Undergrad: 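Please see the structure below; I have some questions.
This is a predicted model, so every value here is computed, not measured. Values below: every heavy atom of this structure, side chains too, minus hydrogens, waters and symmetry copies. Every chain is numbered from 1, with letters handed out A, B, ... down the list of sequences.
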Amino acid sequence: MTAELILETRDLTRTFGALVAVDKVSLQFRRGQVHAIIGPNGAGKTTFINLLSSDIDTSFGSIHFNGQDITDLPPDKVSRLGIGRSYQKTNIFPEFSCLQNCWLGAQSRLPTSMRFVRPARLYDEVREHADKALRDCGLYQRRNTVAAHMSYGEQRQLEIGMMLATNPQLLLLDEPLAGMGQEESFEIIELLKKLAEDHTLILIEHDMDAVFSIAQQLTVMVNGQVLETGSVEQIRNSKAVHEAYLGEDEDES
Amino acid sequence: MNTRASRLIRYFLISNLLLLVAFPWVGEHFYVGLVMNMMIFGILAMSLDLLIGYTGLVSLGHAAYYGLAGYLLAIISPESEAVSIWLALPFCILGTALAALIIGWFSVRTSGIYFIMITLAFAQMLFYYFNENTDLGGSDGIFIFFKPSVTLGSITLLDLDNHIVFYYFILVCMLLVYFLLRMLLASPFGQVIQGIRANENRTRALGYPTFYYKLVSFVIAGSIGGLAGFLEGMHGGIVSPGHLGWHESGLILMIVILGGMGTLYGPIMGAFAMIFLQDWFQEITVHWMLLMGVFVIAVVLFLPRGIAGLIEDLAAKLDKSVTDSNRPATQKNGESGDG
Ligand SMILES: Nc1ncnc2c1ncn2[C@@H]1O[C@H](COP(=O)(O)OP(=O)(O)O)[C@@H](O)[C@H]1O
Ligand SMILES: [Mg+2]
């Protein structure tokens, strides 16, 4: 498969003092595919996503989105180019209702929010997007509930809803299933499958069954470096990966 | 808060407003003047609430705009006649807006304790500038001999030298500011700054260049603070470095916290309470500062959400007791836990 490139990193590197959290990672992501990144804790997966979304600065190397160098863009510009992200550690507006949380996501697609007179609630196009995001993430019934009052699983759903409200082409998902119950996980996996139909996904996930059921491409990271990257089949059969990482999982099951 | 409880609050606020409207006809001259002071501080406190309560920026230099506008009014007022308000008002507001733009440009990129320090430092710079500037009266301050005139051609629209007219002028300004801020907060801009207060990083990650939103909020707050200073210059007839010192900034901050951050009406009430108590305590004892201190500590300890929080709780309780007494006794049991 050779769909066009949507995102490419070249020697992407990030250091924290002496620690090299992401070490010369060069990866290519193709439009319309689900590309999963797996690896043990501390492998640098979250840091890699933080670099892609510009939440943290790159130490070395570059990031190219649709052919444009976005390495030094601030996170708001990256978001407005069509890269949305969710966080491993829930990152929402706790005192806002679900609707308000998604509203801010949807409203960010207006050309500007430097608008001071007309009440925000009268912007129908924003409401439509926010409502759609709420429906997609399964929280439409909970739209008026304050986020802080919801269960952990629901907050995780909201995390995804806010990202969807910004209408991104490329989704960066950092362990969307982390800490979720079975039922909730199942719903989110179904949602991810649906999203995969018309979005590009970069998915960090520990749940191997979920990864194998959604992803086409798979990258294994260890100690900030890419251990192996390729199609899901290739990685499943890779000896190095089994020894370094997958081995443990297979033993358990 | 349910809609009925918030309606109760609205009735309460409207009845307070009616009292304010009626007051000049019944109150003594001195107290009418005192209420003008309260309303001016209400405007100032609302403008700071936009920063603290809605944008999450705790400024400790907000008096800078208040005092600066007073000086600008003194500068543009000739000594022998009144300046036109059509000249003086834009001059003072645009002047403070410009100052807020410059100060905000540097300070808004910091946060937390650094933001507090940098806003304080800028305000102190202005304080020392005016304190040393003998052309502007130095530490004694400078008089504003005539209130600006409100004329159209040769017709006088408002005679602000009339105590009662000036009272209503200030009241209308306070209401305009209140509704202007309500409008801003309901607008898309208002959603963004409230997002910044709740979680700035996430707001940025959702696609908003938060620096500019904070800066605009800072400039709006400074301009409204300038309006308050303009009114105070007219009302007091003098502006001195004390108007922009850190005492004054601390007082406004205290008023906002006492009144209840993020409510707009709370800071107005905080201004009324603070100035009333100041006046009253000063009358009964020379140690009035001590009493003020006790009062502030008591409010912080027992009313963590300020006066507005108290009002909200009372409204919710009142609403609940009305609801309960209208309901058949059998249904009451399930809902006794309101601890
Ligand atoms: N802000 C930070 N400061 C210092 N070290 C960090 C920071 N963020 C991550 N690290 C370190 O970088 C390494 C990779 O972390 P992370 O990207 O969170 O891994 P993963 O998501 O794969 O579990 C870890 O050793 C972690 O301790
Ligand atoms: Mg991680």
Undergrad: Under a 3.5 Å distance rule, please check whether A:S79 uses its side chain to pair with a backbone N or O of B:L206 as donor and acceptor.
TA: yes
Undergrad: Against chain B, label A:E95 side chain, backbone, both or neither, depending on which of its atoms sit under 4.5 Å from a heavy atom there.
TA: side chain
Undergrad: Check whether any side-chain heavy atom of A:S113 lies under 4.5 Å from a side-chain heavy atom of B:Y213, and answer yes or no.
TA: yes
Undergrad: Check each atom of B:T203 against the heavy atoms of chain A and say whether the ones under 4.5 Å are side chain, backbone, both or neither.
TA: both
Undergrad: Check whether B:V216 gets within reach of chain A through its side chain, its backbone, both or neither, counting any heavy atom under 4.5 Å.
TA: side chain
Undergrad: Please flag which part of A:L81 lies under 4.5 Å from any non-hydrogen atom of chain B: side chain, backbone, both or neither.
TA: neither
Undergrad: I'd like to know whether CZ of B:F106 has more than 12 heavy-atom contacts from other residues, nucleotides or ligands below 6.0 angstrom.
TA: no
Undergrad: Going by heavy atoms in the side chains, are A:N91 and B:N199 under 4.5 Å from each other?
TA: yes
Undergrad: Can you tell which part of A:R109 gets under 4.5 Å to a heavy atom of chain B, answering side chain, backbone, both or neither?
TA: side chain
Undergrad: Does the side chain to side chain contact (heavy atoms under 4.5 Å, CB included) test come out yes or no for B:N201 and A:D55, once each step is laid out?
TA: CA-CA 8 Å; B:N201 284 332; A:D55 273 42; 5.8 Å; no
Undergrad: Counting only heavy atoms not in A:F60, do more than 12 fall under 6.0 Å of its CZ?
TA: no
Undergrad: Please assess A:M114 against B:V192 for the test side chain to side chain contact (heavy atoms under 4.5 Å, CB included), listing each intermediate value before the final yes or no.
TA: CA-CA 9 Å; A:M114 289 283 182; B:V192 177; over 6 Å; no
Undergrad: Just wondering, more than 12 heavy atoms not from A:R121 lying within 6.0 Å of its CZ?
TA: no
Undergrad: Is the CZ atom of B:F211 crowded by more than 12 outside heavy atoms at less than 6.0 Å?
TA: yes
Undergrad: What part of A:R115 lies closer than 4.5 angstrom to a heavy atom of chain B: side chain, backbone, both or neither?
TA: both
Undergrad: Output, in order, the C-alpha distance, side-chain angles, deciding distance and verdict of side chain to side chain contact (heavy atoms under 4.5 Å, CB included) for B:Q194 and A:F93.
TA: CA-CA 10 Å; B:Q194 291 173 75; A:F93 302 100; over 6 Å; no
Undergrad: Report which part of A:F96 has an atom under 4.5 Å of a heavy atom belonging to chain B: side chain, backbone, both, or neither.
TA: side chain
Undergrad: Around atom CZ of B:R10, are there more than 12 heavy atoms of other residues, nucleotides or ligands at under 6.0 Å?
TA: no
Undergrad: At a 4.5 Å cut-off on heavy atoms, which part of A:T166 comes close to chain B: side chain, backbone, both, or neither?
TA: side chain
Undergrad: Closest approach of A:A120 and B:P188, non-hydrogen atoms and distance?
TA: CB-N, 3.8 Å
Undergrad: Looking at A:R118, I want to see if its CZ is surrounded by more than 12 non-hydrogen atoms of other residues, nucleotides or ligands under 6.0 Å.
TA: yes
Undergrad: Between B:G195, B:A186, B:P209, B:G207, which has the largest tally of heavy atom pairs under 4.5 Å with chain A?
TA: B:G207
Undergrad: At a 4.5 Å cut-off on heavy atoms, which part of A:S54 comes close to chain B: side chain, backbone, both, or neither?
TA: neither
Undergrad: With no hydrogens and no angle check, is any side-chain donor or acceptor of B:Y208 less than 3.5 Å from a backbone partner on A:T112?
TA: no
Undergrad: Nearest 0.5 angstrom please: A:W103 CH2 to B:Q191 CD, how far?
TA: 7.5 Å
Undergrad: So does A:H129 have more than 12 non-hydrogen atoms from other groups sitting under 6.0 Å from NE2?
TA: no
Undergrad: Could you tell me whether A:D57 atom CG has more than 12 heavy atoms of other residues or ligands within 6.0 Å of it?
TA: no
Undergrad: With chain B, which of A:V78, A:I92, A:L110, A:I83 has the greatest number of heavy-atom pairs at distances under 4.5 Å?
TA: A:I92
Undergrad: Using every non-hydrogen atom in the two residues, find where A:M163 and B:R202 come nearest and quote the distance to one decimal.
TA: N-NH2, 4.1 Å
